[in-house]
Engineer: 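Below is the structure I would like to discuss, written out as structure tokens.
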Amino acid sequence: MTSGPRVILDCDPGIDDAFAIFCAVRFCNLVAVTSVSGNVPITHTTTNALHVLELAEASVPVFRGAAAPLVVEPFFADRIHGEAGLGAGATPPPQADAEPEPAASAICRLAAEGPLVIVAIGPLTNIAEAVQLDPELASRVDHLYWMGGSTTVGNVTEHAEFNAWADPHSIEVVMASGTPITMFGLNLTHQVRLQGTHVDRLRTAATQTSTPAAEFLAFYESHGSRDGRGQPMHDPCAVLGFTHPELFETEPGNTLVHLSGDTRGMTEMTDSPHAGTHRITVATKAAADDVIELIMTAVIDPQARS
Ligand code: RIB
Ligand code: CA
């Protein structure tokens, strides 16, 4: 945990979310984690967030969020992340419970208390519900760093990335609110991949966090894309895009969010602003080797004891 702007991490753990949580504990002034339905149902994403924070020995409150997208039906990615969301088997029951306050309410309250950064690494349902709860939220959030969308390929359909596909309407609500956004889409995250050798490094490190994380990653490796290039570490890119901006290149863009039909979830980039487009910042390039080393450092030792 460090000084600096207060950070909320909104997540749907999820294996790469777990790696992102370790990065947020290590490199952010993390004041809250909010869970959202995404990779797996809300009960699992909430339990997993509590469990991973306990592995990291981080005393950070978890606020349970949306159990379903704004409009479309839930669509899970348990084939990639495991039925419970953290690889094979059930998640060990956490000691702590989630806070009684719903995630959207907690986001609005924390934003009203002072400068705040949100890093969102799942569907944007909670952020959209917070915008609907407090229309002034956009003026209270310094910046939203979002892992989602893509300026190139999809991973659910040829057009759509999972977080965007899972709740396209929430993207529209959040972008229309004027919240300043930097998008870490698949065009960026596919540059940052962990391999089997990283599983070996985590096993060899044998810390309280690296040992379970090695098994999360081994599952992810065996259930992810089989192109032999390793598995993209999507979610940590959004955390490190905030904490280590020098490792990323970005550019402004206009995006049009497709809400339905064959291109549902597409974050189409357009050359000029026109009706329905939103002005955002797009991450385009990562110093992948440096990003990977930061991820490994955080997963092995999130409390920076060594
Ligand atoms: O497409 C990748 C994104 O979808 C990541 O956030 C992953 O955790 C899943 O939520
Ligand atoms: Ca995620």
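Numbers here are sequence positions counted from 1. First listed ligand is number 1; within each ligand, the first listed atom is number 1.
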Engineer: Heavy atoms only: which of Ile80, Asp16, Val40, Asn163 lies closest to atom 7 (C) of ligand 1?
Structural biologist: Asp16
Engineer: For atom 9 (C) of ligand 1, find the nearest protein heavy atom and state the residue, atom name and distance (0.1 Å precision).
Structural biologist: Asn39 OD1, 3.1 Å
Engineer: Using 4.0 Å as the upper bound for N to carboxylate O, is an ion pair formed by Arg264 and Glu73?
Structural biologist: no
Engineer: Applying the side chain to side chain contact (heavy atoms under 4.5 Å, CB included) test to Glu129, which of Val173, Leu124, Leu70, Ile107 qualifies?
Structural biologist: Leu70
Engineer: Quick check on contacts: which atoms of ligand 1 are under 4.0 angstrom from a heavy atom of Phe162?
Structural biologist: 1 (O), 4 (O), 9 (C), 10 (O)
Engineer: Is the backbone of Gln303 close enough, under 3.5 Å, to the side chain of Arg26 for a donor and an acceptor to pair up by distance?
Structural biologist: no
Engineer: Near the Ca ion (ligand 2), is there an N/O/S atom from Asp235 that is less than 3.0 Å away?
Structural biologist: yes
Engineer: Backbone or side chain, does any N or O of Ile121 fall under 3.5 Å from an N or O of ligand 1?
Structural biologist: yes
Engineer: How far is atom 6 (O) of ligand 1 from its nearest protein heavy atom, and which residue and atom is that?
Structural biologist: Asp235 OD1, 2.6 Å
Engineer: Geometry only, no angles: is His234 polar-contacting ligand 1 at N/O separations under 3.5 Å?
Structural biologist: no
Engineer: How about Gly14: does one of its N, O or S atoms come closer than 3.0 Å to the Ca ion (ligand 2)?
Structural biologist: no
Engineer: Specify the protein heavy atom at minimum distance from atom 3 (C) of ligand 1: its residue, its atom name, and the distance to 0.1 Å.
Structural biologist: Glu161 OE2, 3.2 Å
Engineer: Donor-acceptor pair, distance only, cut-off 3.5 Å: does the side chain of Arg6 make one with the backbone of Leu110?
Structural biologist: yes
Engineer: Identify, by atom number and element, the atoms of ligand 1 in contact range of Asp12, meaning under 4.0 Å from any of its heavy atoms.
Structural biologist: 10 (O)
Engineer: Does CD belonging to Glu99 count more than 12 external heavy atoms closer than 6.0 Å?
Structural biologist: yes
Engineer: Can you find a side-chain donor-acceptor pair between Thr270 and Asn254 that sits under 3.5 Å?
Structural biologist: no
Engineer: Quick check for you: with the Ca ion (ligand 2) as the vertex, what angle do OD2 of Asp17 and OD1 of Asp12 span, to 10°?
Structural biologist: 70°
Engineer: Pick one of side chain, backbone, both or neither for how Asn155 approaches ligand 1, counting any non-hydrogen atom pair under 4.0 Å.
Structural biologist: side chain
Engineer: Parallel, tilted or perpendicular: which one describes the rings of Phe219 and His223, with boundaries at 30° and 60°?
Structural biologist: parallel
Engineer: Quick one: does ligand 1 sit under 4.0 Å from the side chain of Ile15, the backbone, both or neither, non-hydrogen atoms only?
Structural biologist: neither
Engineer: Would you mind running through ligand 1 and noting each atom that sits below 4.0 Å from a heavy atom of Asp17?
Structural biologist: 8 (O)
Engineer: What atoms of ligand 1 come closer than 4.0 angstrom to any heavy atom of Met147?
Structural biologist: 2 (C), 3 (C), 5 (C), 6 (O)
Engineer: Taking the six-membered ring for Trp, are Phe27 and His244 closer than 6.0 Å centroid to centroid?
Structural biologist: yes
Engineer: Using salt bridge (charged side-chain N to carboxylate O under 4.0 Å, His left out), reason through Glu215 and Arg203 one step at a time and then give a plain yes or no.
Structural biologist: CA-CA 8 Å; Glu215 301 321 310; Arg203 284 178 176 148; 2.9 Å; yes
Engineer: Less than 4.0 Å between a side-chain N and a carboxylate O, is that true for Glu136 and Arg140?
Structural biologist: no
